[in-house]
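Just so you know, ligand 1 is whichever comes first in the structure, and atom 1 is the first atom listed for that ligand.
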Amino acid sequence: IRTLRPADLITYSVQEELKHGSVIGNIAKDLGLEVGRLSARKARVDMEGDDKQYCGINLRSGDLLVAERIDREEHCGEKPSCVLKFDLLLENPLELHRLSLQVQDVNDNAPVFPKDITKLEITESAPKGTRYRINAAHDADIGKNSVESYILQQNPHFIFSIQTTSAGSKYGELVLGKELDREEQQEMKLLLTAVDGGSPQRSGTVVIHVIVLDANDNAPVFTEAVYTAALPENSPLKTKVITVSASDIDEGINGEVTYEFSRLSDKSRKLFSLDEKTGEISVTGDIDYEEGSKYEVFVEAKDGYGLSSEAKVIIDVRDVNDNAPVIYLKSLSNPIPENVSPGTEVGIINVQDRDSENNRQVRCSIQQNVPFKLVPSIKTYYSLVTTGQLDRELVSDYNITITATDEGSPPLSSSKTVQLSVADINDNPPVFEEQSYSAYVTENNKPGSTLCSVSARDPDWRQNGTVIYSLLPGDVNGAPVSSYLSVNGDTGVIHAVRSFDYEQFRSFKVHVMARDNGSPPLSSNVTVSVFHIGCERQLSSDTVPRQSPSPALISLLITQMLTAQELYAALTIMTPT
Ligand SMILES: *[C@@H]1O[C@H](CO)[C@@H](O)[C@H](O)[C@H]1NC(C)=O
Ligand SMILES: *[C@@H]1O[C@H](CO)[C@@H](O)[C@H](O)[C@H]1NC(C)=O
Ligand SMILES: *[C@@H]1O[C@H](CO)[C@@H](O)[C@H](O)[C@H]1NC(C)=O
């Protein structure tokens with residue numbers, strides 16, 4: 001009852017920030033599914049490892065739709081490729097398709113400089129060609145939607161030039177094209193604009209405030225161009241991550257170095273702080289590996305005169321096994337008929353663990369005493385499969401407990417109970433409580449009097465277990481049995497239709513059928529021997545059952561309202577001793 005097809009990975013492409021309801025593609029067409037049956041097959045989209053449902057499916061058209069705002073920057077940050085994975089699930093028969101969605105960047109972010117104003121103090125003796133670092137602008141978008149060029153306001157002294165550090169990050173430099181003269185101009189303000197390459201183009205600006213000094217100065221120098229630090233997730237607040245250090249060969253105020261972040265994402269801003277005196281970076285937020293495993297921040301070291309340099313700090317977060325696996329029941333055929341053959345798939349389960357590597361390796365098991373097992377399918381999917389014959393008459397409901405345990409240390413586990421009912425199949429015929437029945441008729445029996453009753457049981461459900469009694473056709477002394485006896489179809493009570501003539505017969509046999517109301521019905525037959533009890537001298541020993549009268553017989557005789565004499569006679573005949 002299934003087709004799990006791992007092979008057909010289809011990739012769709014969608015722009016970020018599209019309106020709710022925008023059509024991404026037509027799933028039905030691409031997968032060759034019948035559109036008219038999508039609804040009956042409960043087609044649905046399941047995002048991987050995310051609570052948000054970014055896509056939906058129009059069950060009438062088979063269109064894949066945007067169901068929630070998709071922000072590329074939120075998902076993928078600076079990653080050049082942004083892919084969301086999801087599954088398409090169908091039932092009857094179960095079918096699973098892996099799909100992925102490539103989110104395209106749109107130019108929805110403008111370049112931003114770390115500060116609105118940056119101060120630069122420059123000695124008047126600085127020679128032509130001296131370069132001064134300016135922090136680059138940052139644009140959360142990627143590719144051509146990120147910063148493309150800079151435009152410096154026209155001025156007689158400086159030109160702007162873009163540089164790339166050995167670590168690959170970009171910064172700008174003001175290059176002195178014509179010497180400054182403090183006596184002529186003590187300060188100047190220059191507007192620097194960063195523009196991105198998107199359409200429409202977006203821009204950001206910074207004011208460079210140049211103050212002309214008459215002292216010599218050197219920029220601070222970091223001990224490393226790139227610092228790396230490792231940090232376990234869930235590290236408590238104030239945990240020290242790393243200390244950066246820059247030195248300045250100048251003396252006094254010119255040699256006093258202070259530190260600040262020159263570029264960091266909004267996310268990093270909430271997690272880390274930098275001591276501006278010591279250069280120590282410490283934890284100020286909740287470090288969650290699942291939210292981010294790597295952070296890159298830039299630190300600027302500045303001396304008293306505003307000369308600065310920059311270093312990059314890479315912080316790698318290490319995973320800790322802090323997420324238990326989660327078991328999702330993706331599909332369940334419930335109830336299942338009791339006659340399904342062993343090996344039938346009744347459900348699909350998916351197990352996810354948000355941790356990484358060993359911490360996300362999950363083993364799944366099922367409790368011992370049920371006729372079901374889990375069979376690993378593609379990726380983290382398992383099929384729930386029957387291992388033996390089911391019998392509703394023995395066990396009609398199962399609570400199947402599935403446990404998932406990861407391989408972290410210590411391992412974490414979780415479990416889920418799946419309730420499954422077994423549906424009836426008409427697989428039991430009614431069975432009579434006795435192998436055969438005997439009825440005793442007194443000579444002067446009245447029409448309509450009760451002779452005996454038969455009873456059969458059928459353990460099936462409802463109509464499959466409802467028993468109906470009937471007399472099988474036959475004849476007694478050339479007359480149909482139905483002219484002598486009748487059986488109540490519901491109760492199995494056998495009545496005399498008329499008075500019997502003892503002279504005609506002393507005993508005869510009839511056959512009663514018990515049939516259930518299933519489709520097709522099942523039945524069993526039983527023989528009822530009818531003995532005609534006259535007075536003592538009329539009975540010969542071969543018709544007398546050699547057994548003690550059963551309580552049923554005694555009560556039968558009583559209900560026939562025999563006289564005390566007759567009762568005595570009947571009982572002595574039954575027990576000749
Ligand atoms: C299964 O669990 C339900 C709910 O906990 C309970 O009512 C039911 O009796 C259980 N059935 C079996 C067969 O254990
Ligand atoms: C009786 O059995 C038949 C199959 O033999 C099944 O289709 C039907 O659903 C059963 N009826 C009930 C009430 O369970
Ligand atoms: C009972 O007898 C009837 C009539 O002869 C027959 O059709 C039916 O198959 C019998 N049932 C069984 C279980 O033998």
Q: Would you mind listing which atoms of ligand 2 come within a distance below 4.0 Å of any non-hydrogen atom of Asp424?
A: 2 (O), 6 (C), 10 (C), 14 (O)
Q. Under 3.5 Å, is there a donor-acceptor pair between the side chain of Thr284 and the main chain of Leu271?
A. yes
Q | Residue and atom name of the nearest protein heavy atom (relative to atom 14 (O) of ligand 1), distance in Å to one decimal | A | Asn399 ND2, 3.2 Å
Q) Looking only at N/O atoms, are Tyr398 and ligand 1 under 3.5 Å apart anywhere? A) no
Q. Do ligand 2 and Gln463 have nitrogen or oxygen atoms that lie under 3.5 Å from each other?
A. no
Q) Protein heavy atom under 4.0 angstrom of atom 7 (O) of ligand 2, is there one? A) no
Q: If you have a sec, work out which protein heavy atom is nearest atom 5 (O) of ligand 1 and how many Å separate them, to one decimal?
A: Gln419 NE2, 4.4 Å
Q.
I'd like to check atom 11 (N) of ligand 3 in this structure: does the protein have a heavy atom lying under 4.0 Å from it?
A. yes
Q. What's the shortest distance from atom 4 (C) of ligand 3 to any protein heavy atom, and which residue and atom give it?
A. Leu472 CD2, 3.9 Å
(Q) Tell me whether Arg498 at atom CZ has more than 12 heavy atoms from other residues, nucleotides or ligands lying less than 6.0 Å away. (A) yes
Q: With heavy atoms of Ser524 as the reference, note each atom of ligand 3 found under 4.0 Å away.
A: 13 (C)
Q: Measure from the side-chain N and O atoms of His20 to the backbone N and O of Ala67, and report whether any donor-acceptor pair falls under 3.5 Å.
A: yes
Q.
Parallel, tilted or perpendicular: which one describes the rings of Phe432 and Tyr437, with boundaries at 30° and 60°?
A. perpendicular
**Q.** Salt bridge present between Arg360 and Asp355 (N-O < 4.0 angstrom)
**A.** no
(Q) Can you name the atoms of ligand 1, numbered from 1 with element, that are less than 4.0 Å from a heavy atom of Asp397? (A) 13 (C)
Q.
If you compare all heavy atoms of Tyr484 against all heavy atoms of Ala479, which two are closest, and at what distance to 0.1 Å?
A. CE1-CB, 3.9 Å
Q | For Asn426, atoms of ligand 2 separated by under 4.0 Å from a heavy atom | A | 2 (O), 4 (C), 5 (O)
Q) Of all the atoms in ligand 2, which lie at a distance below 4.0 Å from a heavy atom belonging to Arg462? A) 13 (C)
Q) Taking the side chain as C-beta and beyond, is there a heavy-atom pair between Asp427 and Asp460 under 4.5 Å? A) yes
Q) How far apart are the closest heavy atoms of Pro447 and Ser499, and which atoms are they? A) CD-OG, 3.9 Å
Q) Considering distance alone, does some N or O of Asn525 sit under 3.5 Å from an N or O of ligand 3? A) yes
Q. So is there a nitrogen or oxygen of Trp461 less than 3.5 Å from a nitrogen or oxygen in ligand 2?
A. no
Q: Taking atom 2 (O) of ligand 1 as the reference point, report whether a protein heavy atom occurs under 4.0 Å from it.
A: yes
Q. Counting heavy atoms not belonging to Lys373, are there more than 12 under 6.0 Å from its NZ?
A. no
Q.
Under a 4.0 Å threshold between the charged nitrogen and the carboxylate oxygen, would Arg318 count as salt-bridged to Glu233?
A. no
Q) Can you tell me the protein heavy atom closest to atom 13 (C) of ligand 3 and the distance? A) Ser523 O, 3.0 Å
